[in-house]
Undergrad: 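Below are the structure tokens for one structure; questions will follow.
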Amino acid sequence: MSVTRIRFDRAIGHDMTEYTQFHIEAPGIALRDAPRPPLQIAAHKAVFDAFDAAGPDDDVVRAAGDALWTCLSVHRNTEEAFRPILSNGATDGALRLAFSDLAGDAKALPWEALRETQAGFLCFDRRIPILREVETETTPDLQIAHTDTLRFLAVIGARGDDGQGEWARLHRALRSLDGKVKVRALILASRQDLEDEINAIGDPQIQAETIPHGADALVARIERFGPHVAHLFCHGYAGAQSVLEIEDGSVN
């Protein structure tokens with residue numbers, strides 16, 4: 001898989017003011033040494049404010065995506081680092097965004113709308129998954145004994161996406177664990193045809209169900225399953241109150 005990774009963290013300028021800077025990586029690609037430029041959010045404040053308003057239309061989403069790309073383009077390695085996942089014929093790439101716990105201004109931006117003028121929307125047009133990595137002060141270790149069963153849960157409910165590509169990737173990952181660790185997987189799907197397809201495989205270790213309607217019902221189902229690892233494939237946004245937008249409604 002081709003991966004482009006951007007890390008956002010805090011820095012202190014010569015005038016002793018704090019700001020968010022970013023660094024771009026592309027494993028497997030030899031990038032030039034480059035300074036970490038500031039993330040220039042203020043220049044696009046009106047665009048991001050319009051996006052955060054209720055009910056953004058297509059033009060507002062497009063403007064936000066273009067503004068995000070403009071912010072990233074000040075880094076001298078942006079074009080080269082994105083080349084593997086944006087090149088013609090690329091089918092298995094991902095963009096990973098890592099935020100330090102002090103880079104909240106970067107974390108709150110609508111990165112899922114990122115749009116490169118020639119290539120279009122990464123997440124919507126190119127179907128490139130945008131994965132957020134949020135650092136915390138403590139990171140609990142996941143320890144699975146050889147005799148234990150790893151419980152994996154996925155929610156596949158992105159509005160406008162049939163979920164087939166996402167399930168194909170998850171299925172490959174689950175099969176790669178064959179013989180290494182016992183796995184029990186629960187896939188909650190918003191599309192009946194995807195649910196039926198998964199259950200038709202006949203793998204007793206993998207079960208598919210319809211996503212429960214409403215936040216309380218969904219949370220209760222997840223708690224009953226008690227996953228070690230949970231993967232949520234849906235739209236949403238981060239802010240003072242993060243929201244997941246699942247195909248049949250919004251879940252806070």
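Because the structure is predicted, anything quoted here is derived from the model rather than measured.
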Undergrad: Quick check for you: to the nearest 0.5 Å, what is the distance between Leu186 atom CG and Leu153 atom CG?
TA: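 One gets 5.0 Å once the value is rounded to the nearest 0.5 Å.
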Undergrad: Could you tell me if the side chain of Phe22 sits less than 4.5 Å from the side chain of Leu97, heavy atoms only?
TA: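 No; the side chains remain at least 4.5 Å from each other.
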Undergrad: Any side-chain to backbone donor/acceptor pair from Thr149 onto Lys182? Under 3.5 Å, distance only.
TA: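 Pair absent, no side-chain N/O of Thr149 close to backbone of Lys182.
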Undergrad: Going only through I, L, V, M, F, W and Y residues with side-chain contacts under 4.5 Å, is there a path from Leu131 to Val155?
TA: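 No, it is not one cluster - the side chains of Leu131 and Val155 are not joined through contacts under 4.5 Å.
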Undergrad: Would you say Gln205 and Leu174 make side-chain contact, with heavy atoms under 4.5 Å?
TA: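 Side chain of Gln205 against side chain of Leu174, heavy atoms only: no contact under 4.5 Å found.
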Undergrad: If you define the side chain from C-beta out and look only at heavy atoms, does anything of Leu122 sit under 4.5 Å from Trp111?
TA: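 Counting from C-beta outward, Leu122 and Trp111 never come under 4.5 Å.
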Undergrad: Within a 6.0 Å radius of atom CG on Asp15, are there more than 12 heavy atoms belonging to other residues, nucleotides or ligands?
TA: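 For Asp15, atom CG is crowded (more than 12 foreign heavy atoms under 6.0 Å).
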Undergrad: Show, in sequence, the C-alpha distance, side-chain angles and deciding distance for Thr20 and Arg10, and conclude whether the side-chain hydrogen bond (donor to acceptor under 3.5 Å, both in side chains) test is met.
TA: CA-CA 5 Å; Thr20 295; Arg10 297 295 282 176; 2.7 Å; yes
Undergrad: To the closest 0.5 Å, what do you measure between CD1 (Ile29) and CZ (Arg83)?
TA: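 Separation between the atoms: 4.5 Å.
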Undergrad: Using side-chain contact (heavy atoms from CB on, under 4.5 Å), reason through Ile156 and Leu170 one step at a time and then give a plain yes or no.
TA: CA-CA 10 Å; Ile156 303 180; Leu170 291 176; 4.1 Å; yes
Undergrad: How about Leu188 and Leu218: do any of their side-chain heavy atoms sit closer than 4.5 Å?
TA: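 Yes, side chains in contact.
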Undergrad: Closer than 3.5 angstrom, by distance alone: can the side chain of Arg5 be matched with the main-chain N or O of Ala98 as a donor-acceptor pair?
TA: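 It does not hold such a pair.
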Undergrad: Grab the two heavy atoms, one from Pro212 and one from Arg221, that are nearest each other, plus how far apart they are.
TA: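 The answer is CG-CB, 4.0 Å.
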Undergrad: Would His171 and Ile201 satisfy side-chain contact (heavy atoms from CB on, under 4.5 Å), going step by step from the backbone distance to the final call?
TA: CA-CA 11 Å; His171 196 200; Ile201 295 173; 3.7 Å; yes
Undergrad: Taking Asn77 for the side chain and Arg32 for the main chain, is one N or O donor matched with an acceptor at less than 3.5 Å?
TA: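 Such a contact is found between Asn77 side chain and Arg32 backbone.
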Undergrad: If you compare all heavy atoms of Ala26 against all heavy atoms of Leu31, which two are closest, and at what distance to 0.1 Å?
TA: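 Where Ala26 meets Leu31 most closely, the heavy atoms are N-CD1, 3.8 Å.
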Undergrad: Short question: side chain of Glu195, backbone of Ala189 - any donor-acceptor pair under 3.5 Å?
TA: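 Here the side-chain-to-backbone pair does not exist.
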Undergrad: Is there a side-chain contact between Asp9 and Gln21 (heavy atoms, below 4.5 Å)?
TA: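 Yes, their side chains come closer than 4.5 Å.
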Undergrad: For the residue pair Gly93 and Ile85, what are the closest heavy atoms and their distance?
TA: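 Residues Gly93 and Ile85, closest heavy atoms: CA-CG2, 3.8 Å.
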Undergrad: Measuring only between side-chain heavy atoms, which start at C-beta, is Pro37 closer than 4.5 Å to Arg76?
TA: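 They are not in side-chain contact.
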Undergrad: With a 4.5 Å heavy-atom cut-off, do Lys107 and Arg132 have their side chains touching?
TA: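 When only atoms from C-beta onward are counted, Arg132 and Lys107 do touch, with a gap below 4.5 Å.
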Undergrad: Which heavy-atom pair separates Tyr19 from Ile12 by the least distance, and what is that distance?
TA: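 Shortest heavy-atom contact: CE2-C, 3.9 Å.
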Undergrad: Check the surroundings of atom CD in Glu79: do more than 12 heavy atoms from other residues, nucleotides or ligands lie under 6.0 Å from it?
TA: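 No, because the 6.0 Å sphere around CD of Glu79 holds 12 heavy atoms or fewer from other groups.
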Undergrad: Please evaluate residues Ile24 and Glu80 with respect to the criterion side-chain contact (heavy atoms from CB on, under 4.5 Å), reporting the C-alpha separation (whole Å), side-chain torsions for both, the decisive distance (0.1 Å), and the verdict.
TA: CA-CA 10 Å; Ile24 297 182; Glu80 185 65 14; over 6 Å; no
Undergrad: Would you find a donor on one side and an acceptor on the other, under 3.5 Å apart, between the side chain of Arg151 and the backbone of Gly226?
TA: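 At least one qualifying donor-acceptor pair exists.
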Undergrad: For the CZ atom on Arg62, are there more than 12 heavy atoms of other groups (residues, nucleotides or ligands in this structure) within a distance under 6.0 Å?
TA: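 Yes - once you tally the heavy atoms of other residues, nucleotides and ligands closer than 6.0 Å, there are more than 12.
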Undergrad: Roughly how far, to the nearest 0.5 Å, is the CD1 atom of Ile128 from the CZ atom of Phe121?
TA: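 Between Phe121 CZ and Ile128 CD1, I get 13.0 Å after rounding to 0.5 Å.
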Undergrad: Find out if a path of hydrophobic residues (ILVMFWY) with successive side-chain heavy-atom gaps under 4.5 Å connects Val74 to Leu39.
TA: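 Val74 and Leu39: one cluster.
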Undergrad: With rounding to the nearest 0.5 angstrom, report the CG to CH2 distance, Leu194 to Trp167.
TA: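 Going from CG on Leu194 over to CH2 on Trp167, the span is 8.0 Å.
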Undergrad: Output the distance between atom CG (Asp105) and atom CZ (Phe48), rounded to the nearest 0.5 Å.
TA: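 Rounded to the nearest 0.5 Å, the CG-CZ separation comes out at 10.5 Å.
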Undergrad: Restricting to non-hydrogen atoms, name the atom on Ile211 and the atom on Ser190 that form the minimum distance, rounded to 0.1 Å.
TA: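 Minimum heavy-atom contact is CD1-N, 3.6 Å.
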Undergrad: Would Phe8 and Leu109 count as a side-chain contact (heavy atoms from CB on, under 4.5 Å) here? Give the steps.
TA: CA-CA 12 Å; Phe8 301 90; Leu109 294 175; over 6 Å; no
Undergrad: So which heavy atom on Ala64 is nearest to which on Phe51, and how close?
TA: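 Taking Ala64 first and Phe51 second, the nearest heavy atoms are CB-CD1, 3.7 Å.
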Undergrad: Report yes if the side chains of Ile222 and Pro227 come closer than 4.5 Å at any heavy-atom pair, otherwise no.
TA: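 Yes, close enough: below the 4.5 Å cut-off.
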Undergrad: Out of curiosity, Glu116 CD to Ser73 OG, how far, rounded to the nearest 0.5 Å?
TA: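 With rounding to 0.5 Å, CD (Glu116) is 7.5 Å from OG (Ser73).
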Undergrad: Do Leu177 and Ile187 sit in the same hydrophobic cluster, where Ile, Leu, Val, Met, Phe, Trp and Tyr count as joined when their side-chain heavy atoms come under 4.5 Å apart?
TA: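 Same hydrophobic cluster.
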